[in-house]
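Here's the structure, in structure tokens; my notes come after.
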Amino acid sequence: MKYEKGYDVIVIGGGHAGCEAALAASRMGAKTLLLTSTIDSIAQMSCNPAIGGLAKGNLVKDIDALGGEMAKNIDEACIQFQMLNSKKGAAAKSSRGQADKRIYVRRMINLLMNQENLDVKQGEAAKLHIKDNEIHAVENIWGEIFKCKKAVICTGTFLNGKVFIGETSYPAGRTYEKPSIELAKSLKEAGFTAVRLKTGTPARIDIRTIDYSKLEVYEMDGEKTPFSFENESFKLPQIKCYATYTNEETHKIVQENIHRSIYYNSKDKGIGPRYCPSMEDKIAKFPERTRHQIILEREGYESREVYPNGFSTSLPVDAQLKAYRTIKGLEKCEFIKPAYAIEYEAFQPTILYPTYETKIIKGLYFAGQINGTSGYEEAACQGLMAGINAVLSLDNKEPFILGRNESYIGVLTDDLVTKGVDEPYRMFTSRGEYRLHLREDNAEYRLIEYGRKFGLISEERYKRFLKEKENVFNEVEKFKTETIRLKENREKLEKYGINLDRGISCYEFLKRPETSIEMIYDMGLTSLTGRQAKQIETIIKYSGYISLQEEDIKKYKSLEDKKIPDNFDYSNIPGLRREYKEKLSKIKPKTLGQALRIPGMSMSAISILEIAINKEKKNV
């Protein structure tokens, strides 16, 4: 059956990547279809009931500055916020919000169902219709064929997914949801070669069976700042989380039952996430540790399910329960759902252009875990970028590719398409060379112009940002001449424990490590508070470091600005080693900067490449 309505963009999969891709495409004016196997599972938090974290919070802020939805969604559903590294510098701070999962899902579903230019249909995608190496339609398992010009695949863990619990395994994309078998087959027929990856999730504990009187409150430090720059506060009251620990008895039970996990003992098992290991892996890799922290996180106000963050496993259910019950506060715990491991198919992201379009099939884009990443935030930013680029390509417009100096999204994209993955990829601030520039607080300063250009930022929001920006930079300039006079402020300075032998400018004052913008406000020398005040403080305090990093960015851009022509022939470059020719032909870098970051590439090879490019340009 050929569906009579044609689409500009079809998005396959309603996870975090699919939601952002579908919203971006439709908001940019493209006729869009979101095709998902189960509408009720859209934006599902399959594992951790939280958004953000170290570097992940930066991704969410950047998504918001570009006009994406994840930040607004978590602000609506947040029941516990934490500013990680709150006592460190601005570049190290990252937001993390625990969500009421039902509210998070419900809001996103309602948003998608009411979005102009967007149809949402339930029906598992089963087959890609390809002609002359270009996507033309998507067919679901019921035989409905939907015509399209572009398609974005965001299948998460569903491609040939398989769940493992102890000595039991069964096909599934998530707990008991049906995996995507036919689509995986169609992708292989189109020429894609899959790799198998693995992730896992803890059991869900009945809150009524936890003895909280034995547990310590897991304190949340720092300011309570919403993820979205459009929000001033969170909508819901905040709740407490509690910390507990495994012990030697826990570890003994896990070790005694490892042989009963068919997944853990499989010789050809998928590669799991290094930075979110199962309890089996923790005990094997860190035998010297006698305990591991477990954070008990509620999954919602009305939910009885508690997520024991830090204890995923693929042991049999009886062994799981026995191990959990050795933990303080969980001695009488009961499971609502057992823990499990899941193995699924993904594809090496080196098969992608930086736009997330595949090099094999024109008009076909991949986003999320299909590219070998882990995490809701990593998936969402890929979906946003793929959705934007799919629409831009409809009219052959310049693609949207963020640099490593502009956003952690740019870092993630470049890492994926240039280096590939040998394990599920997770974003860390250490992956970015320009961390001081890629802060959470300045995401709008870096990215909002792009969001406005693509029609994803409202005029009202843009005007608010321009006013804030003007206020901030005017105040910074004013502080250079505004003097803190000792006579008028001696008493307050003594209260702060600050000794001055002369009057100094507000600018000079704020550069001192022991000072803050709140002191300036207290002395009546500024009327700005909140986000604007913090921006002023950061700009002044880190001005020297920021200047040095801006010099590094200029050097970086000198290579990034040197484009490599599309379909450039590397095979005939004289003096270039065969190894380099093969790597360049495989990755097809867009710039000399990206070429230099290909593993094993040398600066001398880049110099030879630059000469060859310049020579070809002269001959054209």
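Quantities reported herein were computed from a predicted structural model and do not represent experimental measurements.
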Using the salt bridge (Lys or Arg N to Asp or Glu O under 4.0 Å) rule, collect all pairs that involve [range], keeping only residues at least two apart or in two chains.
| range | answer |
| --- | --- |
| residues 388-409 | Arg404-Asp414, Arg404-Asp415, Arg404-Glu433 |
| residues 372-384 | Lys56-Glu377, Lys56-Glu378 |
| residues 13-36 | Arg27-Glu69 |

Any chance you could measure [X], atom [atom1], to [Y], atom [atom2], to the nearest 0.5 Å?
| X | Y | atom1 | atom2 | result |
| --- | --- | --- | --- | --- |
| Lys162 | Thr157 | NZ | OG1 | 15.0 Å |
| Phe234 | Ile79 | CZ | CD1 | 12.0 Å |
| Cys148 | Ile135 | SG | CD1 | 5.0 Å |
| Thr373 | Leu412 | OG1 | CG | 7.0 Å |
| Asn231 | Cys78 | CG | SG | 11.0 Å |
| Thr358 | Ile153 | OG1 | CD1 | 8.0 Å |

Around atom [atom1] of [X], are there more than 12 heavy atoms from other residues, nucleotides or ligands closer than 6.0 Å?
| X | atom1 | result |
| --- | --- | --- |
| Lys121 | NZ | yes |
| Lys127 | NZ | no |
| Lys235 | NZ | yes |
| Arg102 | CZ | no |
| Lys149 | NZ | no |

Check the pair Tyr376, Tyr104 against ring pair (Phe, Tyr, Trp, His ring centres under 6.0 Å), reporting the backbone distance first and the verdict last. CA-CA 13 Å; Tyr376 311 141; Tyr104 190 94; 7.9 Å; no

Distance-only criterion, 3.5 Å: show the donor-acceptor pairs between side-chain atoms of residues 383-392 and protein atoms not counting sequence neighbours.
from: Asn389; atom 1: OD1; to: Phe400; atom 2: N; distance (Å): 2.7
from: Asn389; atom 1: ND2; to: Met385; atom 2: O; distance (Å): 3.0
from: Asn389; atom 1: ND2; to: Phe400; atom 2: O; distance (Å): 3.0

Side-chain donor or acceptor of [X] paired with backbone N/O of [Y] under 3.5 Å:
| X | Y | answer |
| --- | --- | --- |
| Gln382 | Gly368 | yes |
| Ser94 | Ala55 | yes |
| Asn442 | Tyr445 | no |
| Glu345 | Leu159 | no |
| Gln549 | Leu436 | yes |

Charged N-O contact under 4.0 Å between Lys362 and Glu357: no

[X]: what forms a side-chain contact (heavy atoms from CB on, under 4.5 Å) with it, not counting sequence neighbours?
| X | result |
| --- | --- |
| Asp552 | Tyr434, Lys555 |
| Lys453 | none |
| Pro565 | Phe568, Ile613, Glu616 |
| Ala65 | Ala443, Glu444, Leu447 |

Would a line drawn from the ring center of Phe81 to the ring center of Phe227 be shorter than 6.0 Å? yes

Under the criterion side chain to side chain contact (heavy atoms under 4.5 Å, CB included), I'd like the reasoning laid out for Leu438 against Arg446: C-alpha separation, chi angles, the key distance, then a yes or no. CA-CA 8 Å; Leu438 307 182; Arg446 291 181 282 109; 4.2 Å; yes

Is the shortest side-chain heavy-atom distance between Lys150 and Tyr365 below 4.5 Å? yes

Are the side chains of Leu23 and Leu112 in touch, meaning some heavy atoms are under 4.5 Å apart? yes

Return each pair, listed once, that meets ring pair (Phe, Tyr, Trp, His ring centres under 6.0 Å) where at least one residue sits in residues 126-160; pairs must be two or more places apart or across chains. Tyr3-Phe146

Can you pull out every ring pair (Phe, Tyr, Trp, His ring centres under 6.0 Å) where at least one residue sits in residues 402-424? Sequence neighbours excluded, please. none

Donor-acceptor pairs are to be reported for all side-chain atoms of residues 44-51 against protein atoms at under 3.5 Å, with residues two or more places apart or in another chain.
from: Ser46; atom 1: OG; to: Arg174; atom 2: NH1; distance (Å): 3.0
from: Asn48; atom 1: OD1; to: Arg96; atom 2: NH2; distance (Å): 3.4

By side chain to side chain donor-acceptor pair (under 3.5 Å) - contacts of Thr413 (at least two apart): Tyr356

Stepwise side chain to side chain donor-acceptor pair (under 3.5 Å) check, Asp40 with Thr38: CA-CA 5 Å; Asp40 292 342; Thr38 310; over 6 Å; no

Step-by-step side chain to side chain contact (heavy atoms under 4.5 Å, CB included) determination, Leu352 to Lys359: CA-CA 6 Å; Leu352 303 175; Lys359 297 171 183 176; 5.8 Å; no

For Asp422 and Ile271, what are the C-alpha separation, side-chain angles and deciding distance, and is it a side chain to side chain contact (heavy atoms under 4.5 Å, CB included)? CA-CA 8 Å; Asp422 53 13; Ile271 304 167; 5.6 Å; no

What verdict does the side chain to side chain donor-acceptor pair (under 3.5 Å) test give for Ser407 and Asp62, after you've listed the backbone C-alpha separation in whole Å, the side-chain angles of each residue and the deciding distance to 0.1 Å? CA-CA 7 Å; Ser407 167; Asp62 287 358; 2.7 Å; yes

Report the C-alpha distance between Glu459 and Arg452 in whole Å, list the side-chain angles of each, state the deciding distance to 0.1 Å, and finish with yes or no for salt bridge (charged side-chain N to carboxylate O under 4.0 Å, His left out). CA-CA 8 Å; Glu459 198 61 29; Arg452 181 171 181 258; 3.5 Å; yes

Decide salt bridge (charged side-chain N to carboxylate O under 4.0 Å, His left out) for Glu139 and Lys2; before the verdict, give the C-alpha distance in whole Å, the side-chain angles of both, and the deciding distance to 0.1 Å. CA-CA 9 Å; Glu139 183 176 341; Lys2 286 188 177 181; over 6 Å; no

Between Lys534 and Asp441, is a salt bridge (charged side-chain N to carboxylate O under 4.0 Å, His left out) present by the stated rule, with each step listed? CA-CA 8 Å; Lys534 285 297 181 184; Asp441 64 271; over 6 Å; no

Run Asp566 and Lys590 through salt bridge (charged side-chain N to carboxylate O under 4.0 Å, His left out) and show every step you take. CA-CA 8 Å; Asp566 291 339; Lys590 292 288 187 181; 3.2 Å; yes

Pro589: which of Val417, Leu609, Ile598, Leu596 passes side chain to side chain contact (heavy atoms under 4.5 Å, CB included): Ile598

Could you tell me if Lys61 sits above the aromatic ring of Phe229, with its cationic atom closer than 6.0 Å to the ring centre and no more than 45 degrees from the axis? yes

